[in-house]
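Report on the structure given below.
Throughout, a chain's letter reflects where its sequence line sits, starting with A, and its residues are numbered from 1.
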Amino acid sequence: MLHSTMYHLKPILTSVGNPLTLARIHALLILTGSLSRTPHAPAHLIAAYSRLEDIPAARSVLRTTSRPSILAYNSLLIALSRCGSPHQVLSLYRHLLSVGRPLPDSSTFTVSLKACAQLSDLSSGEEVRSHADSLGYSRDLFVCSSLVNLYAKCGDMEGAAEVFDGMPKRDLVSWTTMVTGFVNARQPVEAIRAYRRMRLDGVEEDGIVMVGLARACAELGDTRMGRSVHGRLIRLGMRMDVVVETCLVDMYAKNGEMEAAGMIFDRMRCKNVVSWSALISGYTQNGLAGDALQKLIEMQDHGFQPDLVALVSTSSACSQIGFLKLGRSVHGFIMRRMELECILGTALMDMYSKCGSLSSARALFDRISSRDSVLWNAMIASYGVHGRGRDALSLFLEMKDSELGPDDVTFSSLLSAFSHSGLVKEGRYWFGLMKKEFGIEPEEKHYACMVDLLARAGHLEEAHRLVQSMVIEPGIGVWVALLSGCHNHKKLDLGESIAKKVLDLNPDDLGIYSLVSNVYAAARNWDKVVEVRRVMKKFRTRKVPGYSLVEVNGKLHGFLMEDKSHPQYEKIVEMLERLDREMRKLGYVARTEFVFHDLEEEVKERMLCSHSERLAIAFGLLNTGPGTRIVVIKNLRVCGDCHDATKFISMIVNREIVVRDSKRFHHFRDGVCSCGDYW
DNA sequence: CTAGGGTTAG
């Protein structure tokens with residue numbers, strides 16, 4: 001009886017699903033002495049304990065075994081690896097190494113290398129490698145593919161390729177390692193090439209390689225190839241698991257096809273937190289903040305707590321629509337549960353800034369302990385869009401002296417901050433040092449900031465010379481910056497020639513056509529005005545409607561132009577008419593040039609009054625107490641007439657009014673705007 | 001006969 005138990009130890013231990021039964025068998029094995037006599041008994045027992053996720057018991061078996069076999073060690077190493085403890089894997093491996101016996105085998109090295117890869121610990125990995133080499137495992141398929149993975153995870157694709165190319169034979173797993181490695185190294189073209197080579201090698205694909213391929217398509221933004229990957233998965237009748245389907249959702253989302261992404265998501269039979277987060281981030285990244293928030297609620301209704309990624313996307317959705325109340329509650333949720341790490345910290349910082357609370361943004365920035373350059377750049381950019389160029393500069397100086405140092409994005413943020421604040425001297429100075437001191441080659445975006453800065457300040461010749469001095473071909477951003485400078489400063493000759501260049505570049509932005517049209521109109525070049533208007537007409541059908549959002553008492557209210565559907569519409573109009581009368585007494589004159597329709601002056605004036613930003617401001621004033629700050633978010637540029645009007649309104653009602661448009665923030669107070677009227 | 005390859009974010 002006992003003998004037969006020992007003989008069939010493995011099948012029995014494999015099937016034990018009950019801790020108590022296992023403990024009884026364990027006791028029996030000790031009592032009969034078969035634990036020490038049967039060669040692989042400790043290994044099987046350790047495996048049995050680890051299947052029940054009882055790592056301490058598994059450990060104690062190894063500890064109490066007098067001369068454990070390598071299989072016993074491997075069982076525990078595999079158990080530790082499976083429960084996600086790479087540090088413990090490595091320390092057990094080192095223990096084994098220090099004891100000197102038993103000798104490690106291929107599995108030992110494979111599991112240990114996996115742990116190194118998970119930790120991105122290249123130097124430990126190379127120690128394991130030389131140990132494996134010395135014991136003759138340098139051509140082992142498993143050891144080699146683990147090594148390929150190690151180098152890939154550490155971002156060294158050359159190292160990975162070197163091991164890969166030297167392998168005696170390659171299988172699906174090692175090919176997949178290369179494909180995925182290239183994707184992670186942001187070399188999607190190489191990833192696809194590796195997949196093709198694999199197919200030419202006669203290796204059949206499975207779902208896991210296809211995940212890599214789908215991600216490569218997402219990274220490339222190649223919708224057609226993405227669809228063909230999807231089609232191939234279906235044609236080959238591959239088992240679609242959560243991971244594969246989540247990748248497809250993400251791929252379609254990244255290619256801007258949210259309908260397709262949503263459809264695949266809805267049809268998924270099994271969803272996890274990651275699938276939900278992928279969907280939510282898809283909506284956010286496509287500018288569909290409302291859908292993102294809707295899905296966040298649905299996710300919780302389905303019993304999933306949002307993870308870090310979902311919270312990042314939620315914060316970003318709040319930023320888009322100025323939903324401070326919800327953004328704050330995400331912040332609170334985090335503070336109660338976890339340490340504020342860098343990525344979510346950046347998203348929350350950005351949320352406070354974009355919701356108009358620059359001081360909260362800075363307070364959050366100061367609380368994040370491990371700051372990376374994305375966070376620094378985002379904080380500098382926040383100062384910039386709020387028109388706080390000097391604060392941007394002093395933060396930049398702090399960053400410059402930190403270990404990180406500025407990068408190309410830092411300089412865009414800084415130069416754009418200067419241009420929003422009119423800090424011309426500072427702009428010239430730091431733009432000059434950018435290449436000389438920091439070795440950062442100026443790109444189109446940097447030139448666009450500089451041209452904008454100079455042109456706004458009226459230094460049009462200097463701006464023009466800068467454009468002409470560019471080594472790279474100036475793009476539309478640079479020309480538009482120069483053109484709007486010409487328009488503001490009535491440099492009509494230069495303006496007309498730049499307008500032509502802008503038109504030749506076929507802009508896809510209606511705002512640019514209005515600018516061009518206005519330049520031609522100012523130069524009395526009516527033929528050209530007619531021509532541009534004709535192009536604009538084609539756009540009108542697919543023009544983005546202007547809307548404004550305002551948060552009142554924690555609820556978000558949206559307004560479209562001439563939005564009569566709003567329950568308080570009558571009261572809003574009444575308010576605006578009253579304000580209009582007072583504004584006129586103070587010297588306000590309607591600037592009807594901001595209406596791009598051919599209408600009677602009076603009709604134009606009424607249209608200006610029904611701009612969405614005005615409705616939102618009036619609604620805010622009607623529904624908040626005296627002294628409350630009003631924050632309005634507008635999706636397009638704020639109209640110049642509304643800008644003027646808001647200055648007057650801020651004075652009449654004695655309120656601080658903050659308007660965020662597609663470019664920057666305008667802080668209105670006591671009849672003055674922080675942007676100095678250069679919007 | 002065990003081990004190696006996979007999903008979401010600022």
query: A/Phe665 and A/Lys354: which non-hydrogen atoms are nearest, and at how many Å?
result: CZ-O, 3.4 Å

- prompt: Who are the salt bridge (Lys or Arg N to Asp or Glu O under 4.0 Å) partners of A/Glu443, not counting sequence neighbours?
  reply: A/Lys445

task: Output yes when at least one side-chain N/O atom of A/Gln285 is less than 4.0 Å from OP1 or OP2 of B/dG10, else no.
output: yes

- prompt: Base, sugar-phosphate, or nothing: which does A/Cys342 touch, judged by heavy atoms less than 4.0 Å apart?
  reply: base

query: Got a sec, which residues hit salt bridge (Lys or Arg N to Asp or Glu O under 4.0 Å) with A/Asp54, two or more places apart in sequence or on another chain?
result: none

- request: In whole angstrom, give the distance that lies between atom CZ of A/Phe265 and atom C1' of B/dT8.
  value: 11 Å

query: In terms of ring plane angle, is the pair A/Phe265 and A/Trp276 parallel, tilted or perpendicular, where the classes change at 30° and 60°?
result: perpendicular

- prompt: Within the structure shown, what part of the strands sits under 4.0 Å from A/Glu245 by heavy-atom distance: base, sugar-phosphate, or nothing?
  reply: nothing

- prompt: Looking for any heavy atom pair under 4.0 Å, which part of the strands does A/Leu375 touch: base, sugar-phosphate only, or nothing?
  reply: base

message: Treating primed atoms plus P, OP1 and OP2 as sugar-phosphate and everything else as base, which nucleotides of nucleotides 1-7 of chain B get B, S or - for protein heavy atoms under 4.0 Å?
response: -BBBBBB

- prompt: In whole angstrom, what separates A/Gln320's CD from B/dG10's P?
  reply: 10 Å

message: Output the rounded distance in Å from CG (A/Leu344) to P (B/dT8).
response: 18 Å

query: Roughly how many Å is it from CG in A/Asn286 to P in B/dA9, rounded to a whole number?
result: 12 Å

query: Is the Lys NZ or Arg CZ of A/Lys295 less than 6.0 Å from the centre of A/Tyr283's six-membered ring, within 45° of the axis?
result: no

message: As a quick check of understanding, evaluate side chain to side chain donor-acceptor pair (under 3.5 Å) for A/Tyr49 and A/His26, giving each step before the final call.
response: CA-CA 10 Å; A/Tyr49 274 121; A/His26 187 177; 2.8 Å; yes

task: Using whole Å, report how far CE of A/Met338 lies from C1' of B/dA9.
output: 13 Å

